[in-house]
J.: 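Here it is, the structure, as C-alpha cells.
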Amino acid sequence: MRRKLVAGNWKMHGLRAQLGEVEAIAAAAAANPGVDATLCVPFTLISAAVGVAGALPIGAQDVHEADQGAHTGCISAPMLVEAGATLTIVGHSERRADQHETSHDAWAKAAAARRHGLQVILCCGETEAERDAGRAERIVQSQIEKSLPDGASPEWLTLAYEPRWAIGTGRTPTLDEIASIHAIARAKLRMMVGDAALGIRILYGGSVIGTNAAAILAVDNVDGALVGGASLTAEKFVPIIEAATSVSR
Ligand code: PGA
C-alpha cells in the first residue's frame, strides 16, 4: 500500500516572513498522520524552515550533479544536507524550459542526491504541443527511461507526472487522461526496476487545488500531488493534505 504524499513546491517564493506558513502547514501535517507531506522551499529558506517545521521534511527544488567545484550559482547535495534538507526535486519542467535541463541532467542530479542520502522527486511531463500531437505517452516514457536513476527504489525515489501545460494555468487533464499516463508510467517503471515499481509513488502535478485534490488523488496510480501555487499558504495547502487523508481511509 503506497501512502499518499502531498509535496509543496514554493518555486521562487518565500522569505522569512512566510515561516509562519511553514509552521502552520507542519502542524496540519502532524494532524494528518495517515499521509506524508513535505515542502520544497528556496535554498535560502531551507535552514530556517527546518527550524520551524518539526517533523515536516523540508526539501530543495534542484541540486547540482557534482559535490563541489567551479559552478557559479549552483548548489550541491552536501550543501543541501548541511542546510537540513532531506529531499530535492529534480527535472522540474520549469528548469527544463528555463535552464535547458535535459533528462540526462535530471538523471545525474538524482544520482548525486541519492549519493548523499537525499530523497528525490523526479519530474516528467509533456508540453501542450506534444500532447496535441498525440505524443504525451511516448514523451513521458522516454523521459523516465533517460532520467530514472540507477537502483531506483521506493525508499528514496518518487516520480511526479506534471503536464507542462497544466502547471500554473488552472487547467488539468481529465481524470481519465491522468489515469492513462500514470498507468503508462507505472508500466515503464516496472519494465525498468521490476517489482520495486509497485512501491514507487507517482505524484500528479499541475493546478492541483483544494477543490480538485480529492478527485485527482482517488485516481488509480496517483499516489499524491506536487503542488505549486496552492502550497504557498496553509489556507490553500492544508485542504489538499486533508483531501489526501480522506481518500486514504
Ligand atoms: P502549480 O505548479 O500547482 O502551480 O500548477 C505545480 C508544479 O509546478 O509543481
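Along the sequence shown, residues carry numbers from 1. Indexing begins at 1, ligand by ligand and atom by atom, following the structure's order. Because only heavy atoms are used, hydrogens play no part in the values below, and waters and symmetry mates are left out as well, while side chains stay in.
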J.: Could you work out the complete set of other residues in the hydrophobic cluster of I89, with links drawn between I, L, V, M, F, W and Y side chains under 4.5 Å apart?
T.: L5, L87, I121, L203, L226
J.: Could you tell me which residues satisfy ring-ring contact (aromatic ring centres under 6.0 Å, His included) with H116, sequence neighbours excluded, listed by chain and number?
T.: none
J.: Can you name the residues that form a ring-ring contact (aromatic ring centres under 6.0 Å, His included) with H13, not counting sequence neighbours?
T.: none
J.: Are the side chain of Q18 and the backbone N or O of L15 linked by a donor-acceptor pair below 3.5 Å?
T.: yes
J.: Who's touching ligand 1 if we go heavy atoms under 4.0 Å?
T.: N9, K11, H92, E162, A166, I167, G168, G206, S207, L226, V227, G228, G229
J.: Look at the side chain of S93 and the backbone N and O of R96, then say whether any donor-acceptor pair between them is shorter than 3.5 Å.
T.: no
J.: Just one of R171, R135, R164 clears the salt bridge (Lys or Arg N to Asp or Glu O under 4.0 Å) bar with E128, so which one?
T.: R171
